[in-house]
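Here's the structure, in structure tokens; my notes come after.
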There are 2 protein chains.
Amino acid sequence: MTAQRRAILKVIETASKHLDASQILRKARALDNSVDRSTVYRTLDLLKRQGLIDELDLMHLKGEGHYYERKLGRDHIHMACLRCGKITEFVSETFESLKTQLERDCRFHIVVSRLEVGGYCAGCRH
Amino acid sequence: MTAQRRAILKVIETASKHLDASQILRKARALDNSVDRSTVYRTLDLLKRQGLIDELDLMHLKGEGHYYERKLGRDHIHMACLRCGKITEFVSETFESLKTQLERDCRFHIVVSRLEVGGYCAGCRH
DNA sequence: CGCGTATTGCGACTCAGTCGCAACTAAGAT
DNA sequence: ATCTTAGTTGCGACTGAGTCGCAATACGCG
């Protein structure tokens, strides 16, 4: 556990919204200005492999990059509004059943899952 | 409808597996050697916006790029084995219910959805 | 056939992510 | 407290995906 990793961890843990790698870099540098871009990517990979964070695309609403969030308890669905860009999260029991059913019917052991939806939110639908 | 678009379309329609942009370029060039990389990306964007193809990550098993497949009738779930790399598709009625429920409960109009799962397939589980 | 609009090829560019390597450091052993 | 070493870091160069502006071209409609 190095100072750099502590900084990156803290940034992710205290984030109020989904951050991409370059935002994490900027915020981590504010805590420890020695943090390098490679270290951010390497730490992100590590956390991903450990299952401590989830990687999201958010339907590529803003470019090709990835976003990260701390993974706690229950998975949630990400809904991205194609007009206003708002990201809404939703926890669903049906989603949990779907995964259980998948594991049983396909004899597949799920490690990570990602359900993202693009469309129009209540305020933007037409 | 240009010759280039016809070539790209044909490649996607006759593909036996998920192709990424550079693979589509290579195969489209075999049909019409004037096809350019930009044209492939522009056509892919067009087809995506029209809802004729779906864009997949396949859990980034092989790099950061995207894969494409023709969108027909029913959505399906993509399962990617983290060990052998095999991609399995699965159609689920529960998935359809989940989307319906989401649209109702969140007052969200779904245009596109993507459920990808990473884990271990029957042959690779441990 | 002629015309205007949409599309294309090209080349340069951006941006995300990766890699090899030498220097450094955390943390366990003595 | 110091030594040691395996793991981690910063750096800089690199790759590969995707984008963009622009001049040239082609589609397809009248």
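Quick note: numbers below take in every heavy atom, side chains included, and nothing from hydrogens, waters or symmetry partners.
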Contacts of A:E55 meeting salt bridge (charged side-chain N to carboxylate O under 4.0 Å, His left out) (sequence neighbours excluded), chain-then-number -> A:K48
Exam field: side chain B:E103 to backbone B:T100, donor-acceptor pair closer than 3.5 Å: no
Which residues share a salt bridge (charged side-chain N to carboxylate O under 4.0 Å, His left out) with B:E93, sequence neighbours left out: B:R74
B:S97: side chain to side chain contact (heavy atoms under 4.5 Å, CB included) partners, not counting sequence neighbours: none
Identify the pairs formed between an N or O of the protein and an N or O of nucleotides 22-29 of chain C at a distance under 3.5 Å, and give each distance.
{"residue": "C:dA27", "atom": "OP1", "partner": "A:M1", "partner atom": "N", "Å": "3.3"}

Using the test side chain to side chain contact (heavy atoms under 4.5 Å, CB included), find all partners of A:T2 that sit at least two apart in sequence or belong to another chain. A:Q4, A:R5
Residue pairs meeting salt bridge (charged side-chain N to carboxylate O under 4.0 Å, His left out), one or both in residues 31-43 of chain B, sequence neighbours left out, come to none
Nearest-Å distance for atom pair CD1/P, residues B:I8 and C:dT7: 12 Å
State, to the nearest 10°, the angle formed by the axis through the first five base pairs of the helix from C:dC1-D:dG30 to C:dT30-D:dA1 and the axis through its last five. 40°
For A:R29 and D:dT9, what is the distance between atoms CZ and C1' respectively, to the nearest whole Å? 12 Å
Please name all residues satisfying side chain to side chain contact (heavy atoms under 4.5 Å, CB included) with B:K99, sequence neighbours left out, ordered by chain then number. B:D75, B:F95, B:E96, B:I110, B:S113
From CG of B:L46 across to P of C:dA6 the rounded distance in Å is 13 Å
Rounded to the nearest Å, what distance is computed from the CG atom of residue B:D32 to the P atom of nucleotide D:dC27? 10 Å
Starting from B:V40 and following side-chain heavy-atom contacts under 4.5 Å between hydrophobic residues (I, L, V, M, F, W, Y), which residues can be reached? B:I8, B:L9, B:V11, B:I12, B:L19, B:I24, B:L25, B:L31, B:V35, B:L44, B:L47, B:L52, B:I53, B:Y68
From CG of B:L44 across to C1' of C:dT7 the rounded distance in Å is 16 Å
Excluding sequence neighbours, so at least two apart, what forms salt bridge (charged side-chain N to carboxylate O under 4.0 Å, His left out) with A:D57? A:R114, B:R114
Please report, rounded to the nearest Å, how far the C1' atom of D:dG18 is from the CG atom of B:L25. 13 Å
Who clusters with B:I87? Use side-chain heavy atoms, under 4.5 angstrom, across I, L, V, M, F, W and Y, and order the result by chain and number. B:L56, B:L58, B:Y67
note: A:R49, atom CZ; D:dG7, atom P; distance rounded to Å ~ 13 Å
Would one find a side-chain N or O of A:T39 under 4.0 angstrom from OP1 or OP2 of D:dT8? no
Interatomic distance where CD belongs to B:Q23 and C1' belongs to D:dG16 [whole Å]: 14 Å
Where does the angle between the aromatic ring planes of A:H66 and A:H60 fall among parallel (under 30°), tilted (30 to 60°) and perpendicular (over 60°)? tilted
In B/S/- notation, 5' to 3', how is nucleotides 13-20 of chain C contacted by protein heavy atoms closer than 4.0 Å? ---SBBBB
